[in-house]
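Here is the naming used below: chain letters follow the sequence lines, and residue numbers restart at 1 for every chain. Because only heavy atoms are used, hydrogens play no part in the values below, and waters and symmetry mates are left out as well, while side chains stay in.
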Protein chains: 2
Amino acid sequence: MPKVTIYDVAKRAGVSAATVSKVLNGTGRISPETSQRIRAAIEELRYRPNLIASALKKHQTFSVGLLVPDITNPFYAALARAVEDQALAHNYAVLICSTDNIAEREEKQLELFLRQRLDGLIVATSEAMGQEFFNTLHQSQVRVVFIDRVIPNVPYPVIATDHYLGSYLATEHLIELGHREIAIFLEPLTLRSSLERLRGFAKALEAHQIKFDDHLVFSEGFGVEAGYELAQRMLAQKGPQELPTAIFAATDQLAIGALQYFHEKGINVPDQISLIGYDDIQMAKMVSPPLTTVAQPITELGHQAFEVLLGTQALSATTTLLPPRVIIRSSTAAPLPQS
Amino acid sequence: MPKVTIYDVAKRAGVSAATVSKVLNGTGRISPETSQRIRAAIEELRYRPNLIASALKKHQTFSVGLLVPDITNPFYAALARAVEDQALAHNYAVLICSTDNIAEREEKQLELFLRQRLDGLIVATSEAMGQEFFNTLHQSQVRVVFIDRVIPNVPYPVIATDHYLGSYLATEHLIELGHREIAIFLEPLTLRSSLERLRGFAKALEAHQIKFDDHLVFSEGFGVEAGYELAQRMLAQKGPQELPTAIFAATDQLAIGALQYFHEKGINVPDQISLIGYDDIQMAKMVSPPLTTVAQPITELGHQAFEVLLGTQALSATTTLLPPRVIIRSSTAAPLPQS
DNA sequence: TTGAAAGCGATACCAG
DNA sequence: CTGGTATCGCTTTCAA
């Protein structure tokens, strides 16, 4: 059972390989009869074009690479899924790599991707990428689009969620519910995304004449654990009496950690304290109470990234910000009347 | 800035392309000096071998494909991660595709993968795969290993978790805690994996002389919602008095759904009822109380799959079952003394 | 409408 | 130890 090539098909159909290639690609004009015969031969031989050979000639691999910090993170998994779907629809394959935001891994994988001569690269990874990474990118001439993180001075298209707006909306949701004492939980402020969220938060307060209080900003660590600790710290700093009436957790994981702590302490959400998250990870709707949160338009992000990447436009430094959306569930409510 | 090829390097180093190829691949013997010169040229020109061309010649793409039902499912994301890591360590790329267990998608993607001439395929998808899929697989001669699902009569290696054993261990954990009335929540019994879990459960009961009670088997639907509904149904069928003292939920999602329902009903876990899950998804440790569960050796699965796939062994119909492990957290405890 | 032939960029055999 | 050359499987002029 040797591999069947385009020549086998050609022979079978009594034509030349060139002609077969033409019907395969829909290029050139072929008479309906020959075309039929060729299609038949393809079927009979179960011929499968060798994309490797085709890629070598056409300089097109029908593959894109996706660099994410960690595919295990639900957000990136969802992003990957969106890219995948779009890719499959266009008969493209997606190569995925988790980099853990480790420069070394990023560079190694980038190197591999470049050797594979991918048609494009979607980068959804660290803002701490080494200069090395950009140099390589630049001199390699691959098509690249950055996604999810707004990185300043990137000479490529950036597609991201408008976290400033998202935070603004989240905060405003709380304010409209009647909250005036609102704490914010954030991941480290070294992250641009954290800063953006803080900015949106502050702006919303300002817009509603609520004064911004430094003591209500809690930031440290990542993930659920951090949320738990931040809640703990908040409780320790303020007596249960002077607790804010609401918290804006800048990630759902933070929110879930806090929620867990409140559970343990018998603090009812949303009766005693409202809690709004950010990201709308799958878990958000599974916790109890289901978390009000801000959903990023993940699918949109993935789709757009793919489309821009494979579009005919020259890729330039443009930033596209997609609007997030507040998803109201049950962890936010009006504050209790002053007791 | 035209692409630099092996010929450019050769010219620059004053040798032939053949020689460059040799140092690139470590084949043949080259004098240290020429080797040095060539390496220098590679550096200076920032030459990146074209894997496409190489693959065409060598019939080796350094890429493997991974077919999963949904990368968005934490279990498969973890699996993908394990494969990725192993791949990166071997300088392989991983193409990932979520099929949603839809035969059409599976076949389309398989077709794409075959055209890409991948070195191997890891299939972690539906047991309901069409015959078509297998036919294609078989006549295409790709190396394939199945992972996670034990599919009968597959002429390829299967690497999976021993769910029979896992369920046995989970159930035994409950029994050793002192439980005698144990319910089991399952996904539909049309799934082989559900059947296996039920079998392990029954066997553990039997081993401890506990009689198996049909009325304590609840099965329907998938995911958190199903867990919630199953718990609801159980409560409806049995008064709060005659509730079993423990539940073995055959997936964490089921367990989490149940947990949520119990929260709402004010039923304390584990004081009133113990709950053990299965899978050890990330969420398991984040819920409250953190879920005792059975962890699949996901990383091991992924690693082994990759190694077997790229090993030199001819691939035959062998099934490797890896042992799962009970992770004891806080959702299980001894039953309350009879009140 | 069809086909001959020249590559795409690398590898491998075999000669020197 | 090094290099010429055929070749991997397909695409693409260009001529017929």
Next item on the list: Assess the side chains of B:E106 and B:T125: does a donor N or O sit below 3.5 Å from an acceptor N or O?
Entry: yes
Check: Can a donor-acceptor pair be found between the side chains of A:D8 and A:Y47 at a distance below 3.5 Å?
Finding: no
Roughly how many Å is it from [atom1] in [X] to [atom2] in [N], rounded to a whole number?
X	N	atom1	atom2	answer
B:K11	D:dG3	NZ	P	14 Å
B:N25	C:dG9	CG	C1'	13 Å
B:L24	C:dA12	CG	C1'	14 Å
A:K22	D:dC10	NZ	P	16 Å
B:Q36	D:dT2	CD	P	13 Å
B:R29	D:dG3	CZ	P	17 Å
B:E33	D:dT2	CD	C1'	13 Å

Checklist line | Full working for ring pair (Phe, Tyr, Trp, His ring centres under 6.0 Å) between A:F146 and A:F134 | finding: CA-CA 12 Å; A:F146 282 76; A:F134 284 106; 5.8 Å; yes
Within less than 4.0 Å of OP1 or OP2 of [N], is there a side-chain N or O belonging to [X]?
X	N	answer
A:T34	C:dT2	yes
B:S16	D:dT2	no
B:S21	C:dT11	yes

Next item on the list: Give the nucleotide from the list D:dG3, C:dT11, D:dT11 with an atom nearest to the side chain of B:V15.
Entry: D:dG3
Enumerate all atom pairs, one protein N or O and one N or O from nucleotides 7-9 of chain D, separated by less than 3.5 Å.
{"unit_1": "D:dT7", "atom_1": "O2", "unit_2": "B:K57", "atom_2": "NZ", "d": "2.7"}
{"unit_1": "D:dG9", "atom_1": "N2", "unit_2": "A:A53", "atom_2": "O", "d": "3.3"}

Notebook entry, point to check: NA contact type, B:V20, heavy-atom cut-off 4.0 Å: base, sugar-phosphate, or nothing?
Noted result: nothing
Note to self: Under 4.0 Å, counting only non-hydrogen atoms across every strand here, what does B:T27 touch: a base, just sugar-phosphate, or nothing?
What the structure shows: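 Nothing, no heavy atom under 4.0 Å.
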Note to self: Distance check, rounded to the nearest 0.5 Å: A:R39 atom CZ versus A:I30 atom CD1?
What the structure shows: 9.5 Å
Next item on the list: Before giving the answer on salt bridge (charged side-chain N to carboxylate O under 4.0 Å, His left out), spell out for A:R143 and A:D119 the whole-Å C-alpha distance, their side-chain angles and the decisive distance to 0.1 Å.
Entry: CA-CA 7 Å; A:R143 285 181 77 88; A:D119 292 344; over 6 Å; no
Margin query: Show, in sequence, the C-alpha distance, side-chain angles and deciding distance for B:R37 and B:E33, and conclude whether the salt bridge (charged side-chain N to carboxylate O under 4.0 Å, His left out) test is met.
Written below: CA-CA 6 Å; B:R37 247 183 316 134; B:E33 302 82 58; over 6 Å; no
Note to self: Tell me if the centroids of the rings in B:F62 and B:H90 come within less than 6.0 Å of each other.
What the structure shows: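 Centroid separation for B:F62 and B:H90: 6.0 Å or greater.
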Next item on the list: By nearest nucleotide on DNA chain D, pick out whichever of B:R37 and A:L51 is the more 5' one.
Entry: B:R37
